[in-house]
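Worksheet for the structure shown next.
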Amino acid sequence: MRIATWNINGVKARIEGLLTWLHETKPDVACLQEIKSVTEGFPADRLADAGYQCAVHGQKGFNGVALLSRLPIEDVVTGLPGEPDAGQSRYVEALVTGEAGICRVGCLYLPNGNPIGTEKFSYKLAWIAAFEAHVRQRLALEEPLVLAGDYNIIPTPMDARRPEAWQNDALFQPESRAAFRRLAGLGLTDALRTCHPGPGAYTFWDYQAGAWQKDDGIRIDHLLLSPQAADRLSAAGIDRFTRGWEKPSDHVPAWVELDV
DNA sequence: ATGGCGCGTCAAACGCGA
């Protein structure tokens, strides 16, 4: 089962690229963030034509997540239990049934948190606390679980081309990085890091200042795996090629291949 | 050292992202 995540920065602006990417890479499950669309406005018909059913948690203008699947899904959950602001759509989850087993997939868009020292950053930490509580619940099920999305966390200096430039940014604060380590401490495996232990595995390049041309990127999109999913991990990768397209998202897709 | 872009909303700037 191939499970991918992609912050598409607006589904209306990205629908053609999204369909091309689905056709070229054929993920079984695609977790999308920043659809920037209400649920009713999501192009579910065009995605159904491409073979995907959609679990959408939309919102007007900002945020919004969607889980696409060409395998059967059930147990759809929209919204994170106990989240600090239910008006912001940042989480959708479903149980996916593959040929060789099941996998529960959570699609998340963790708050950015900038600027630091404001309520934006406290909101990020509060959202993380709710997420951690939910993760503990899910891990107790002892089943294959993939938590995929835009975490808005640069885990280590190796995950930025210029770590010094992110020193005062919410993405690289000690509290943000500590939260990522706590998730690992709960037993989750960072799939991209496991398969690509060296530097340079970036998933985001700013639109500004020629960041893409200079490979001035950061790794903030992650796929975290429960032990039962990690046991079945066969590959993980990053679809860098989409960043060179016309009208690209500033994020690129990342994916895992599981034997389920 | 700084700013530099793009999307959505809504019809001009502005909020927001990272």
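Below, chains carry the letters A, B, ... as their sequence lines are ordered, and counting in each starts from 1. None of these values were measured; they are calculated from a predicted model.
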What distance, rounded to whole Å, do you find between the two P atoms, one in B/dC7 and one in B/dA18?
14 Å
Once the angle between the rings of A/Y202 and A/W205 is folded into 0 to 90°, is it parallel (under 30°), tilted (30 to 60°) or perpendicular (over 60°)?
perpendicular
Rounded interatomic separation in angstrom, taking CD1 from A/I8 and P from B/dA18
13 Å
Whole-Å distance separating the CG atom of A/D206 from the P atom of B/dA18
10 Å
To the nearest Å, how far apart are A/Y109 OH and B/dC16 P?
12 Å
Classify the nucleic acid contact of A/N63 as base, sugar-phosphate or nothing, counting any heavy atom under 4.0 Å across all strands shown.
nothing
A/N7 side chain near B/dA18 phosphate (N/O to OP1/OP2, under 4.0 Å):
yes
Tell me whether A/V146 shares a hydrophobic cluster with A/V77, the cluster being built from Ile, Leu, Val, Met, Phe, Trp, Tyr side chains joined at under 4.5 Å.
no
Please give, in whole Å, the distance from B/dG17 P to A/I220 CD1?
12 Å
Taking any heavy-atom pair under 4.0 Å as a contact, classify A/N168: base, sugar-phosphate, or nothing.
nothing
Can you tell me, in whole Å, how much space there is between the C1' of B/dC10 and that of B/dG15?
13 Å
Tell me the salt bridge (Lys or Arg N to Asp or Glu O under 4.0 Å) pairs involving residues 243-260 of chain A, sequence neighbours left out?
A/R2-A/E257
Remaining members of A/W166's ILVMFWY cluster at a side-chain heavy-atom cut-off under 4.5 Å?
A/I154, A/L171, A/F172, A/F204, A/I218, A/I220
When the distance from CZ of A/R162 to C1' of B/dA18 is rounded to whole Å, what number comes out?
13 Å
Just grab all the side chain to side chain donor-acceptor pair (under 3.5 Å) pairs involving residues 138-162 of chain A, residues at least two apart or on different chains.
A/N7-A/D150, A/E93-A/R138, A/R104-A/E143, A/T156-A/D159, A/D159-A/R193, A/D159-A/R219, A/R162-A/D216
Any N/O donor-acceptor pair, A/D169 side-chain to B/dA18 base, under 3.5 Å
no
Contacts under 3.5 Å, N or O only, protein and nucleotides 2-4 of chain B:
| unit_1 | atom_1 | unit_2 | atom_2 | d |
| --- | --- | --- | --- | --- |
| B/dG4 | N7 | A/Q208 | OE1 | 3.2 |

All N/O donor-acceptor pairs, side-chain side in residues 107-114 of chain A, below 3.5 Å, sequence neighbours left out:
| unit_1 | atom_1 | unit_2 | atom_2 | d |
| --- | --- | --- | --- | --- |
| A/Y109 | OH | A/E34 | OE1 | 3.4 |
| A/N112 | OD1 | A/N114 | N | 2.8 |
| A/N112 | OD1 | A/N114 | ND2 | 3.0 |
| A/N114 | OD1 | A/A170 | N | 2.9 |
| A/N114 | ND2 | A/D169 | OD1 | 2.9 |
| A/N114 | ND2 | A/D169 | OD2 | 3.3 |

Test salt bridge (Lys or Arg N to Asp or Glu O under 4.0 Å) applied to A/D28 - qualifying residues, sequence neighbours left out:
A/R70
Using whole Å, report how far CZ of A/R243 lies from P of B/dA18.
13 Å
Which part of the nucleic acid does A/Y151 contact within heavy-atom distance under 4.0 Å: base, sugar-phosphate only, or nothing?
nothing
What's the gap between B/dC16 and B/dA1 when it is taken at their C1' atoms, as a whole Å value?
25 Å
Can a side chain N or O of A/H251 be found less than 4.0 Å away from OP1 or OP2 on B/dA18?
yes
Identify whether any heavy atom of A/N152 sits under 4.0 Å from a base atom; if not, whether one sits that close to sugar-phosphate; answer base, sugar-phosphate or nothing.
sugar-phosphate
Within this structure, what is the CD1-CG distance for the pair A/I238 and A/L192, rounded to the nearest 0.5 Å?
5.0 Å
Atom CD of A/E119 and atom C1' of B/dC16 are separated, to the nearest Å, by 14 Å
Summarise protein proximity over nucleotides 7-15 of chain B in one line of letters, 5' to 3': B for base, S for sugar-phosphate only, - for none, counting protein heavy atoms closer than 4.0 Å.
BSSS----B
Cluster companions of A/F62 among Ile, Leu, Val, Met, Phe, Trp, Tyr (side-chain spacing under 4.5 Å):
none
Mind calculating the distance between NZ (A/K124) and C1' (B/dG17) to the nearest angstrom?
12 Å
For residues 41-48 of chain A, which side-chain N or O atoms pair as donor and acceptor with protein atoms under 3.5 Å away, sequence neighbours left out?
| unit_1 | atom_1 | unit_2 | atom_2 | d |
| --- | --- | --- | --- | --- |
| A/R46 | NH1 | A/E16 | OE2 | 2.9 |
| A/R46 | NH2 | A/E16 | OE2 | 3.4 |

Give me the distance, rounded to whole Å, that separates B/dT2 from B/dG17 when you measure between the P atoms they each carry.
23 Å
Suppose you measure atom P in B/dA11 against the same atom in B/dG6; what distance do you get, rounded to whole Å?
24 Å
